[in-house]
Amino acid sequence: MAIEINPVPSVQLSKVADSEKHGENSPYFAGWKAYDEDPYNEMTNPSGVIQMGLAENQVSFDMLEDYLEKHPEASIWGKGAPGFKENALFQDYHGLLSFRKAMASFMEQIRGGRARFDPERVVLTAGATAANELLTFILADPGDALLVPTPYYPGFDRDLRWRTGVRIVPIHCNSSNNFQITPQALEAAYENAESMNLRVRGVLITNPSNPLGATVQRAVLEEILGFVTRKNIHLISDEIYSGSVFSSSEFVSVAEILESRDYKECERVHIVYSLSKDLGLPGFRVGTIYSYNDKVVTTARRMSSFTLISSQTQHLLASMLSNKEFTSRYIETNRARLKKRYDMIIQGLKRAGIKCLRGNAGLFCWMNLSPLLQKPDREGELDLWKTMLHELKLNISPGSSCHCSEPGWFRVCFANMSEQTLEVALARIHNYMDQRKR
Amino acid sequence: MTRTPFFRARLPDPDEDSRAAVTTSSGAGGGWGTAMRVIVPLQGVVQGRGGLVLGSLIPCALCYFLQLYLKRHRSGPARTPPPSPSSSADHLSEVTGAVLQRSSSRAHLSPRGSGGPAHVSSRAALILRGGDSPYFVGLKRVEEDPYDAVANPNGIIQLGLAENKLCLDLVCEWLVANGNKAMLGDEASISRIATYKPLDGLMELKMAVTDFMSQATERSVSFDPSQIVLTTGSTAAIETLSFCIADGGNAFLVPTPYYPGFDRDIKWQSGVEIIPVPCRSSDNFALSINALDRAFYQAKKRGVKVRGIIISNPSNPVGTVLSRETLYSLIDFVTEKNIHLICNEIFAGSTQGAEEFVSVAEIVDSEDCDRTRVHIVYGLSKDLCLTGFNVGVIYSLNENVVAAAKKLSRFSSVSTPTQRLLISMLSDARFTQNFIRVNRERLRKMYVEFLAGLKKLGIECTKGNGGFSCWADMSGLIRSYNEKGEIELWDKLLNMGKINVTPGSSCQCIEPGWFRFCFATLSENDVPVVMERIRNVSETCKSRS
């Protein structure tokens with residue numbers, strides 16, 4: 001997927017255009033290619049590649065369809081289109097107030113009312129991808145660094161670094177304590193950055209974590225907050241999977257901690273959210289930055305002019321998300337269905353003799369295949385990944401593309417397919433493991 | 001920013017970053033200010049004994065040591081230039097001067113963890129300072145006090161936004177009849193719009209858009225859908241293109257007067273500078289290749305690398321279209337200098353004059369010239385009255401640019417439900433043909449009426465052919481023939497006349513007294529009201545002189 005450089009360029013492009021920092025040459029993206037060329041289909045292509053590398057939520061589509069059918073006024077042209085003129089022309093980067101209110105209220109509901117959100121602090125962007133990049137532009141100068149715990153979402157390499165010129169310095173986590181972030185790891189990362197003469201501007205965590213599929217514990221969050229305060233840097237908490245926690249009580253948002261301490265030192269905290277995972281609507285391109293820092297809100301709003309959400313989409317979602325009866329039913333049902341899928345895949349893998357990290361959230365599980373590695377290193381992991389892709393026809397994400405320091409871990413998505421397809425995938429794994437035993 | 005009760009956040013010092021930014025080029029930055037406050041009284045003390053020599057020596061010595069002290073106690077790690085892969089940072093420091101670097105060092109003067117708010121980037125500091133040009137101030141004022149014939153007849157009439165409300169009824173009609181089916185399809189299936197799709201836009205929409213673009217340019221060009229990247233508005237399109245063809249610290253040549261938003265679209269994220277190339281009323285603000293050449297050469301002398309030219313055709317704010325000859329010359333020029341040409345053709349479908357609109361695509365198509373350096377920006381906001389839907393188009397025949405823009409489009413990707421809607425709408429040939437025709441008629445009618453109204457008041461406009469605005473010469477009404485006089489008149493029109501117009505200075509026009517009046521947001525009944533208000537203001541101006 002690399003750009004083919006014109007051998008005799010008649011006119012020069014920018015460094016950004018020529019750079020490889022878009023990261024599209026990693027296995028994470030190469031697996032998608034294999035899937036595109038030979039996609040599994042229950043009827044027409046039962047031996048095709050099953051896509052388990054895409055964190056998409058398709059388990060609750062029926063509820064969305066039901067809502068849209070029952071509520072034609074959700075579209076801006078519904079019921080004679082009142083307010084259409086304002087909406088069609090509405091290009092204000094503040095976004096529709098009704099939509100911002102709906103987002104704030106939805107985020108509150110997800111956190112069980114344990115944190116409150118102010119619609120005036122909601123900045124809209126076209127997806128969390130844009131939100132993360134925008135925050136990086138605002139908080140860091142080119143050449144500065146953000147600390148990010150490993151393993152992390154492969155897209156960060158592109159979203160945080162490509163156009164911004166900012167560096168990522170990893171906070172190394174390992175399986176000895178279930179990949180949790182430790183104070184020592186935080187300090188080590190900071191010192192590492194300093195030794196490279198990089199100015200650290202902030203810490204970016206994903207909570208619940210991608211690819212771990214687990215929430216960050218309250219004690220760890222408090223530790224991180226203390227750390228960023230001592231170093232006088234920022235904290236970005238990407239809570240894009242907050243609505244996909246299997247049990248509401250197990251998720252603690254940094255917003256709750258701030259509220260419980262009267263918002264002390266909150267100007268350094270910023271939350272990223274999106275409807276792509278929890279609502280299963282990545283195609284809608286809806287993301288948000290929620291910042292407790294006035295300057296950041298103002299700047300982000302202005303810069304959001306480059307990444308606007310169409311008014312029509314805002315209106316549709318405003319209607320849906322302000323319907324509290326719908327949202328509470330959706331959140332509950334979605335959680336239950338995801339948990340069911342999770343249990344299914346964990347049990348299936350267990351029967352095949354494969355262990356996973358104990359997870360409680362998200363659209364994937366973090367699978368430990370290190371016992372299967374021929375060589376206990378990155379090369380061994382990639383070999384195993386290729387086997388998975390070409391022999392078992394399963395596209396899963398290797399830990400190395402997530403910068404995991406221990407080889408052999410893989411992220412496996414389970415919510416972007418039907419239950420039957422998941423059974424097929426599990427059967428393939430089972431067969432493979434059986435064969436290996438012999 | 002409403003501060004709700006449960007947020008008792010401490011407000012950061014509002015002046016911190018802005019103070020830093022206005023530091024002049026003195027070497028010690030903050031040190032000198034403090035030092036001066038020490039020197040003056042000290043001189044007085046010392047002058048009592050030892051006279052002027054000691055009186056000057058001691059403060060100088062103190063200054064020197066003060067500087068040393070401040071340097072040593074500045075918090076944060078040792079500041080070294082950023083590593084070379086992002087050498088854009090080096091350019092930034094050359095071009096934008098020590099100001100930016102100093103604003104970062106300023107923030108570090110407070111010791112670590114003192115409870116001071118964490119730092120924002122230089123880019124953010126720059127953006128926070130901006131936004132107070134008359135263009136933006138005027139827009140804000142209208143928001144706060146919008147005119148409504150019935151509900152708020154003393155409100156401010158919006159003439160400062162190049163929007164088109166004239167054909168909203170047609171769009172509305174179509175949506176009411178076809179919207180739901182267009183979005184969800186026959187089976188009302190949500191996976192049509194919910195799941196991940198190519199981030200640079202659905203192919204069906206690209207095809208529908210190229211058809212529409214063809215229609216808008218009256219079928220003289222056919223566009224290739226595979227050369228299109230869709231973005232969330234033409235603002236994003238221009239910004240994305242900037243990222244593809246220029247590095248931070250490089251520059252684009254832009255003929256003035258230009259669209260006030262360019263300063264934001266080009267500079268804010270990509271850090272590319274705009275070098276304005278003045279055009280003059282004496283030749284109807286026509287583009288001059290000589291002027292471009294001079295500007296290119298001057299930039300080179302300054303050590304600034306020019307990467308391209310950005311033009312708008314039809315132009316905003318002047319409203320003229322470029323002739324074939326000018327387009328040929330432009331392409332020759334960029335080829336000779338080995339740079340790019342970005343053509344913003346967002347008003348292509350909104351021409352209402354007698355002169356023919358020629359898209360640069362037509363020239364590139366027919367001539368044996370280098371297609372890889374010409375890129376077109378388009379959008380559906382103007383020609384389809386759908387600003388809120390935010391759909392922009394990048395069209396380029398340079399494969400590398402298209403590839404890069406596709407990857408960048410992940411940061412500004414259009415909502416799928418919106419795309420589905422537009423596919424249906426744009427594929428409805430009956431609708432689009434009728435729309436384009438009626439839109440042109442209504443625009444022309446409004447333009448003629450508005451022009452006539454201004455003429456009656458003794459205000460002449462440039463002869464335009466496209467877009468939603470009249471470019472009016474009000475220099476006869478300004479007190480002093482300079483920017484100050486122009487802003488005074490703008491202010492009077494806004495606060496006394498209660499109309500928001502765009503002053504030429506916001507468009508970087510070098511001749512004072514020109515104003516842009518956007519007429520496509522008005523209804524017919526509004527025109528006499530507007531003219532009356534202008535008349536009142538112009539009477540007060542005349543009576544004074």
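All values reported here derive from a predicted model rather than from experimental measurement.
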So which part of E133(A) gets closer than 4.5 Å to some heavy atom of chain B, the side chain, the backbone, both or neither?
side chain
Side chain, backbone, both or neither: which part of E143(B) has a heavy atom under 4.5 Å from chain A?
side chain
Parallel, tilted or perpendicular, as decided by the 30° and 60° cut-offs, for the rings of F411(B) and W162(A)
tilted
Whatever's closer than 4.5 Å to a heavy atom in chain A on S191(B) counts as both
Quick one: list whatever passes ring pair (Phe, Tyr, Trp, His ring centres under 6.0 Å) with Y67(A), sequence neighbours left out.
H71(A), F326(A)
Indicate the atoms forming the closest heavy-atom contact of A140(A) with S121(B), along with that distance.
O-CB, 3.4 Å
Basic-acidic side-chain contact under 4.0 Å: E239(B), R163(A):
yes
Can you list the steps and then say if T418(B) with T313(A) is a side chain to side chain donor-acceptor pair (under 3.5 Å)?
CA-CA 7 Å; T418(B) 305; T313(A) 301; 3.2 Å; yes
Do L128(B) and T298(A) touch side chain to side chain, with heavy atoms closer than 4.5 Å?
yes
What I'd like to find out is whether the side chain of T232(B) reaches to under 4.5 Å of the side chain of F306(A), using heavy atoms alone.
no
So do R158(A) and K407(B) actually touch side chain to side chain, heavy atoms under 4.5 Å?
no
So which part of I238(B) gets closer than 4.5 Å to some heavy atom of chain A, the side chain, the backbone, both or neither?
neither
Name the region of L68(A), side chain, backbone, both or neither, that has any atom closer than 4.5 Å to a heavy atom of chain B.
side chain
In Å, rounded to the nearest 0.5 Å, how long is the span from CZ of R285(A) to OG of S415(B)?
8.5 Å
Taking side chain as everything from C-beta outward and backbone as N, CA, C, O, which of these in R307(B) sits under 4.5 Å from a heavy atom of chain A? Side chain, backbone, both or neither.
side chain
Side chain, backbone, both or neither: which part of V286(A) has a heavy atom under 4.5 Å from chain B?
neither
Do T416(B) and F284(A) have side-chain heavy atoms sitting under 4.5 Å apart?
no
Contact part of V414(B) toward chain A, heavy-atom cut-off under 4.5 Å: side chain, backbone, both or neither?
backbone
Report the C-alpha separation of S310(A) and N390(B) in whole Å, then their side-chain angles, then the decisive distance to 0.1 Å, and conclude whether the side chain to side chain donor-acceptor pair (under 3.5 Å) test is met.
CA-CA 5 Å; S310(A) 80; N390(B) 295 318; over 6 Å; no
Examine whether an atom of K305(B) lies under 4.5 Å from a heavy atom of chain A, and if so say whether it belongs to the side chain, the backbone or both; otherwise answer neither.
side chain
